[in-house]
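Predicted model, so just to flag it, every value in this text is computed and none were measured.
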Amino acid sequence: MEFEERMLKCFSKSFKKYYPYKQLRSFGFKRYRCRSCGNFFWSLNPREVCGESKCVKMIGGRRLIRRKLNYFDVWRIYKQFFERYGYVALPRYPVVSRWYPELYFVVAGINLFQPHIVNGEVEPFEYLTIERQFCLRFQDVDLVGLNPKTYSGFIMLGQHAFNTKEKYTYFKEEAISQIHEFLTKVLKLNEEEIIYNESMWYGAGNFGPSVEFLANGVELGNQVYIQYKMVDSRVRELNTKTVDMGAGMERFAWIASDEPTSYDVTFPYVIRKILKELKLDLDRKLFDTFLKYSYAVESGKDVHHLIELVSKNEGINSVKLMEEIERISSIYVLADHSRSILVAVTDGALPSNVGGGYNIRYLVRRCLSILKSLRADFGLKELLNWHRVELGKFFPELRKGRKLFEIIEVERRRFIENEQKCMKVLEKVEKVDEPLLLKLYDSYGINPELVREFLKRKGIEIQVPPDFYKKVQALHQKREIVREREELDVSRFPPTKLLYYEDPELGEFEAEVLGNIGNYIVLDRTAFYPIGGGQVSDIGYIGKAKVNNVIKVGEVVLHAVDGAKFRKHEKVKCQVDIERRKEIMKHHTATHIINRACVLTLGDHIWQHGSYKDEEKAHLDITHYQTLSFEEIQKIERIANEVVRKKLDVRIYWMHRNDAEKRFGFRIYQGGAVPGREIRIVEIENFEVEACGGLHCKNTGEIELIKIINVERIHDGVVRITFKAGKKAIEEMQRQEKIIKELRDLWHVGIDQIPSTAKRFFEEWKHLRKENEKLKEDLLRMLILSEIQKGDICYMDAKFLDTLGTVIKVVNSISDQLIGKVLVIHLREFGYALSRKGNVSALEELSKFYEKVSGNNLEAKGFKRKT
């Protein structure tokens, strides 16, 4: 915040340079300074405060637009208007931000173009764009339902104009004119209601001045002029100058309606269905009174303070007010959260306990908790279906998703199981504080409202922190970005010619040495494939020097060699280990096949989470909500080998990004979106299409065979499938056949009898183990009873025992006979002491023999015996 405040002061000081002041003045607007927050703003008439709700002390509350619109009408007229200026409407991107590693979810329309386009590294695929992008934001989730404009998920209307050295489109003056025209001429918003606040925006290292446009205490949108980036804590000007405007579609619809909140105009069908099913009649008049003061939550006031304020000023009973506000806000929370769940899960996000999946899990569990507290006869499934009816008209793809309800049902069962565990914990609790509430939610997924309800039945009253969910978010918000290597400066080298794309089976070639960076050699051309997309790099030789690693930085390929010296402009003969590469290519193509086979077997929610391919084996990590059954694994393997058997062509070609997305959809970005206007498409005939930079077989028949060797759940929501292809798969099958033969020879049975024989041996082993344990117990009991006849303090060896459990079981069975006795028993790995003699300490006795001792005077355990 310190950086943003400093830059805002800088921008405001030189406002004629940084803001479109000429155009603002042409509207008849003048510049003022807010007496409340001190920031500068522009308005048609003199004002003392800016348009922020905390300064004007209001949020919405009355219709501002003469033209009445419903929620989806807003996009229609928005699109029609901006297309007249040459803007191209983009399709909705998935809310799961797979192309941008800095984020789990899209939080703003600009994310569609980050990082490469905004940074100027790649030319824009369209220079003028508009979009209706669904975004997720979780930092203010506590305010959903209480602040009439706050959402966990919303549709952002975007306006983006890119300006490069080669092409100028629109920048500050034109962009603000277009927005002003849209507000006043299309929406027919009275100019006197509009306020333009001077502001600044900073995100992902990019920043610039911005202009917020507000009306009636509602920020409708924010137009940013991205001009700068931070490099090593220094400000650098960007080559590409970007207009980034984002406006909430919900807010435009709200000011064009007579509804008290934006939720009522955004979710009319869903809210109507909820109220009908619950048979609720809400006290709208009471809630409208509350809303007049809801601006206070943006000033840092919590809901309890707000209730007291309304109660005092309006003469309303605070208990009644709190109950009604909680009931009404819970309806809005259900509508908002369930819509976010629908979009996120349909787009491939899974509820889990890690990363962005944690956000989705707590939305699910908060909905389940509210439904339970309202004693609803319907569930989350019905809520999602109602959104499919309402929002599905706008985004038809949301009506798909075969496994949506199965995923939610798995989460519901887990919620119930965790709830039962939590209730057992709470049975023993007399005091619940904030850290325990956070732990109960984080460990068991139990919302504080349910904890409060349960404890109330025990006569215990607790206060739930008003920013509880914000504190939960703080535990899981930051995403770790793993940097594989420090970026090297290759600016002095031209782009490397990539021979491996021209001929993936090229093993020998000649090249010119352009220079070196450390132990990396740069050639003018190369057939060595660099590490990337989960595929290991090639190895081989440059001259007589062994190449052990290859990387690509920007457009330059660097070859790591051990201790070799090459002169600049030297001509060298190079050799790639082509047989090794062919095995890697088989594993890479097999990865695409396995991925698609998983989708066909398990459902459309399957996305690639990660992958690795070398010459020995490969693994594919997929997003899935539970472990795979043996039958599912067999089906995936069967589909994969059917594709191999058909010898399908593997076509590789370049395609304009927009054309590829229109033709194939966003599922082509399984390994993350590839930057650039033109992207490389790998298409397995009539089976799978992905954007991929890796090397592949010419047809699936070259793979020969695919054998899955292991499947494991590596963490919540991610399953790893490890497999082998080609001759490595054949070797694996022969290895397994050898094991089966050894079992047949050892047991003298046929192959069909192996399972029943193994089961019989296992049962016999369990029986013998029980017999062995009983014999050990009898032997120890006999030794103890014998030793205690010799004296009160007994030292004995029991090296035949591995576990302490046997000792404790035996000691407990003869406890009456050990009164007045002391036992010190040395087991194989540790010691045990028991004292039933008042003046002797078990802890002290065991300490004579062991370096690490724990316990007390009655019973002790020792580790690491003294020598």
Side-chain angles (χ1 to χ4, degrees), residues 1-20 39-40 97 99-124 127 129 135 137-139 156 158-166 168-169 171-172 175 197-212 221-246 356 473-474 477-492 517 553-556 672-673 675-676:
M1 288 302 294
E2 185 178 323
F3 170 75
E4 284 92 328
E5 289 172 3
R6 190 171 70 250
M7 291 310 303
L8 178 57
K9 287 181 181 178
C10 173
F11 292 154
S12 292
K13 186 177 180 180
S14 304
F15 71 93
K16 292 184 178 180
K17 175 181 178 182
Y18 293 107
Y19 295 103
N39 291 335
F40 291 94
S97 180
W99 61 90
Y100 187 24
E102 302 293 331
L103 295 172
Y104 287 109
F105 299 115
V106 174
V107 298
I110 192 64
N111 299 152
L112 278 54
F113 312 98
Q114 287 178 309
H116 306 290
I117 293 175
V118 174
N119 282 337
E121 299 164 11
V122 174
E123 73 169 302
Y127 280 83
T129 69
C135 302
R137 293 184 186 177
F138 300 98
Q139 64 268 31
M156 178 176 280
Q159 170 206 14
H160 293 95
F162 299 97
N163 299 281
T164 64
K165 291 180 179 178
E166 295 76 24
Y168 181 88
T169 57
F171 204 42
K172 300 174 187 178
N197 283 3
E198 292 179 7
S199 186
M200 75 86 59
W201 174 87
Y202 177 80
N206 307 128
F207 69 96
S210 68
V211 172
E212 301 167 349
N222 184 18
Q223 193 172 80
V224 185
Y225 313 112
I226 304 176
Q227 299 171 250
Y228 307 102
K229 63 179 177 178
M230 292 294 292
V231 179
D232 299 327
S233 300
R234 300 181 69 181
V235 175
R236 292 283 186 270
E237 194 165 341
L238 289 165
N239 291 327
T240 299
K241 305 294 192 299
T242 302
V243 172
D244 166 31
M245 193 289 295
Q473 283 298 303
Q477 191 69 30
K478 188 168 178 59
R479 180 173 188 171
E480 287 187 22
I481 304 300
V482 178
R483 304 296 183 189
E484 291 185 359
R485 61 179 180 270
E486 183 180 349
E487 289 295 320
L488 302 171
D489 184 7
V490 296
S491 58
R492 70 180 188 274
I517 302 176
V553 178
E555 299 300 315
V556 179

Novice: Just verifying a value: how many Å separate N39 CG and E198 CD, rounded to the nearest 0.5 Å?
Specialist: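 With rounding to 0.5 Å, CG (N39) is 8.5 Å from CD (E198).
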Novice: Give me the atom names and distance for the closest heavy-atom approach of F105 to N111.
Specialist: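 Closest heavy-atom pair between F105 and N111: O-OD1, 4.5 Å.
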Novice: Once you round to the nearest 0.5 Å, how far does CE of M200 lie from CD of E4?
Specialist: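 Reported value, rounded in 0.5 Å steps: 5.5 Å.
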Novice: Among all residues two or more places apart in sequence or in another chain, which pass the side chain to side chain contact (heavy atoms under 4.5 Å, CB included) test with V490?
Specialist: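 Once residues adjacent in sequence are excluded, the partners of V490 under the side chain to side chain contact (heavy atoms under 4.5 Å, CB included) criterion are F493, I517, V553, V556, L558.
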Novice: Please report the shortest heavy-atom distance between E237 and Y228, naming the atom on each side.
Specialist: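 The answer is CA-CD2, 4.0 Å.
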Novice: List the residues meeting side chain to side chain contact (heavy atoms under 4.5 Å, CB included) with S199, not counting sequence neighbours, and say none if there are none.
Specialist: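 Result, side chain to side chain contact (heavy atoms under 4.5 Å, CB included) vs S199: S210, E212.
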Novice: Check whether any side-chain heavy atom of Y19 lies under 4.5 Å from a side-chain heavy atom of F40, and answer yes or no.
Specialist: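 They are not in side-chain contact.
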Novice: Could you check Q227, K17, M7 and say which one makes a side chain to side chain contact (heavy atoms under 4.5 Å, CB included) with P209?
Specialist: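 Running side chain to side chain contact (heavy atoms under 4.5 Å, CB included) over Q227, K17, M7 with P209 returns exactly one hit, Q227.
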Novice: Does the side chain of V235 come within less than 4.5 Å of M230's, by heavy atoms?
Specialist: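 When only atoms from C-beta onward are counted, V235 and M230 do touch, with a gap below 4.5 Å.
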Novice: Supply the atom-to-atom distance Y104 OH to F138 CZ, rounded to the nearest 0.5 angstrom.
Specialist: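 With rounding to 0.5 Å, OH (Y104) is 12.0 Å from CZ (F138).
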Novice: I need the minimum non-hydrogen distance between V107 and L103, along with the two atoms involved.
Specialist: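 Heavy-atom minimum between the residues: CG2-CD1, 4.2 Å.
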Novice: NE2 of H160 to CG of D244: how many Å apart, nearest 0.5 Å?
Specialist: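 That separation rounds to 3.5 Å.
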Novice: Any chance you could measure I226, atom CD1, to K241, atom NZ, to the nearest 0.5 Å?
Specialist: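 One finds 12.0 Å between CD1 of I226 and NZ of K241.
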Novice: Please report the shortest heavy-atom distance between A108 and M156, naming the atom on each side.
Specialist: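 So the minimum-distance heavy-atom pair works out to CA-SD, 3.8 Å.
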Novice: Should the pair Y18 and F11 be assigned to parallel (<30°), tilted (30 to 60°) or perpendicular (>60°) ring geometry?
Specialist: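 If you compare the ring of Y18 with that of F11, the planes turn out tilted.
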Novice: Who pairs with A175 by side chain to side chain contact (heavy atoms under 4.5 Å, CB included), at least two apart in sequence or on another chain?
Specialist: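 Testing A175 for side chain to side chain contact (heavy atoms under 4.5 Å, CB included), a comparison that skips the adjacent residues, returns Q159, Q223, V243.
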Novice: N163 side chain to T169 main-chain N or O, any donor-acceptor pair under 3.5 Å?
Specialist: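 Yes, the answer is positive, given that a donor and an acceptor are paired below the 3.5 Å cut-off.
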Novice: Of F113, F171, Y127, Y168, which is the lone residue that meets ring pair (Phe, Tyr, Trp, His ring centres under 6.0 Å) with F162?
Specialist: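 Among F113, F171, Y127, Y168, the one meeting ring pair (Phe, Tyr, Trp, His ring centres under 6.0 Å) with F162 is F113.
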Novice: As an exercise, state the distance from CG of N206 to OG1 of T242, rounded to the nearest 0.5 Å.
Specialist: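 With rounding to 0.5 Å, CG (N206) is 8.0 Å from OG1 (T242).
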